[in-house]
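Only this structure's heavy atoms are used, side chains among them; waters, hydrogens and symmetry mates stay out. None of the values given here were measured: they were computed from a predicted structure.
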Amino acid sequence: MAREAASKATASRGSGAEAEAEAAAGEYWSEALKSFLDHIPVSSVPGALQPTASPAVEVKLDGSVLGALDAMYSSNAAGAVIVDVVQSSFGKYVDRDIGFVEFSSLVLWALEELGKVESEPTDGTSDFLSSLKQHHQIAETKIAWLAKLFLWEPFFPVRTQDTLFHTMLLFSKHHRLNVAPVVESINSSVIGFVTQNAVMELLLQSSGLEWLDKIADKQLSEFRFANVRKPVLVYSDQTLADGLHILSKEKMGVAVIDRKTSCLIGSIQCSDLYLFLDDSSLFSKRTTTTLEEFIDLNNKANSKCSTAEDSSPPGQNILALRNRQPSMVGLPATNLKSDTLKQAMEKLTTSRSSCSFIVDEQGHVEGVVTTRDIISVFSPPCMDSRIDGGTFFSAALEQAGCRVENGQMIQNS
């Protein structure tokens, strides 16, 4: 039907009805472009709706860092909703969900603060939580105060009747947004979450569609981010403390390379930080443990975790702390520049990682591609002026004979 409308518009050129036909075709394509993703409900996103009635871990605005870490760890949750109890005159809570905080953000902040106050190395019996409790000023820091340090993520919920189009607009426009909570229409309680990886997983289900494949089948070398974004590197013989300090600044996966060969041997990512609570000795030995030793420990932990999760239904536990697929235990997600964007998407969704390192044939790290980079490729150009030609919507517009100028979609003459 869409192609028929475009064909009629072309055939009518030169006639008196040319302007009218082109306007009709342009209007149709504009609607078709939006409706492509606007007919995919949020409920279709893998793992968006959890099987339990109340899956979201909640931390109060006046709660402590220690309490928040304990709540997330005991619930195997990588993040928690920040709530502020506000009671209306009708006796119902209004706008109680005001933010989102990640487990990794609190662990990295606490590690940095503990490093400032501990003048001497701790003994081998001191674990992370015990050390935290010994420093009341850190452990009892209020969640509300952390907003000053931009450790919160914005709270932009989507409803079950919202669409993938709506969700992608949120991710593309708000560059600090990693997780979109899913809320019910009636009482607005959080019933699930949508992540960037989950969005990519749903997009991959449209593989074979011309508008998708025209972009997704391009090599990574054709995209600007593959040539501009510089990876963060550390050597494998550096200490775990060194790597954590860098990770706290970058908030993105750090590539660990061999000092002699400069080849990638692993990575340290925010998703690894649960190990500080799993292994009581890891914290006290962080200044003597090398990153290579930490990677070996992480691989063993992921192997055990992945085996335990093999029996779990796919798409569930989307925010689980221990959330690594067995096939990806070992080296982090990697791609060659000659790989396609679709192959990078598949690697990221399979590994549930936030980034894939771009390597050459010898294993030297040349770049990095993040889930946000890929989401931006598929974002509407009118939402971000920095996104130029080559995106999913730009390709669709080109085929439709349209373009976007100043946020408006117009028909080419």
Undergrad: Minimum heavy-atom separation for Phe357 to Val368, with atom names?
TA: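 Shortest heavy-atom contact: CD2-CG2, 4.1 Å.
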Undergrad: Looking only at non-hydrogen atoms, find the nearest pair between Lys347 and Thr334 and report the distance.
TA: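 Of all heavy-atom pairs spanning Lys347 and Thr334, the closest is NZ-O, 2.6 Å.
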Undergrad: How far apart are the closest heavy atoms of Ile143 and Trp152, and which atoms are they?
TA: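 The answer is O-NE1, 3.0 Å.
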Undergrad: Run the side chain to side chain contact (heavy atoms under 4.5 Å, CB included) test on Leu204 and Thr349 for me, step by step, so that the C-alpha distance in whole Å, both residues' side-chain angles and the decisive distance to 0.1 Å come before the verdict.
TA: CA-CA 9 Å; Leu204 283 171; Thr349 54; 3.8 Å; yes
Undergrad: When the ring planes of Phe276 and Phe128 are compared, do they come out parallel, tilted or perpendicular, using 30° and 60° as the limits?
TA: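 Phe276 vs Phe128 ring planes: perpendicular.
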Undergrad: Ignoring hydrogens, what is the shortest heavy-atom contact between Tyr235 and Leu291? Give both atom names and the distance.
TA: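 Taking every non-hydrogen atom into account, O-CD1, 3.6 Å.
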Undergrad: Within a 6.0 Å radius of atom NZ on Lys60, are there more than 12 heavy atoms belonging to other residues, nucleotides or ligands?
TA: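 Open: at most 12 neighbouring heavy atoms sit under 6.0 Å from NZ of Lys60.
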Undergrad: So do the side chains of Val65 and Ile138 get within less than 4.5 Å of each other, counting heavy atoms only?
TA: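 A side-chain contact is absent here, since even the closest heavy-atom pair is not under 4.5 Å.
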Undergrad: Do Thr340 and Lys218 pair up side chain to side chain, a donor and an acceptor below 3.5 Å, judged on atom types alone?
TA: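 Note: Thr340 and Lys218 side chains miss the donor-acceptor criterion.
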Undergrad: I'd like to know if the side chain of Asn197 pairs up with that of Thr195 as donor and acceptor (distance under 3.5 Å, no hydrogens or angles considered).
TA: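 Side-chain D/A pair, Asn197 to Thr195: absent.
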Undergrad: Testing the 3.5 Å rule here: is there a donor-acceptor pair between the side chains of Ser130 and Asp127?
TA: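 There is such a pair (donor and acceptor under 3.5 Å, judged by atom type) between the side chains of Ser130 and Asp127.
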Undergrad: Taking NZ in Lys133 as the centre, count heavy atoms belonging to other residues, nucleotides or ligands within less than 6.0 Å. Is the count above 12?
TA: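 Open: at most 12 neighbouring heavy atoms sit under 6.0 Å from NZ of Lys133.
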Undergrad: When you check the side-chain N and O atoms of Thr290 and Asp237, is any donor under 3.5 Å from an acceptor?
TA: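 There is no such pair between these side chains.
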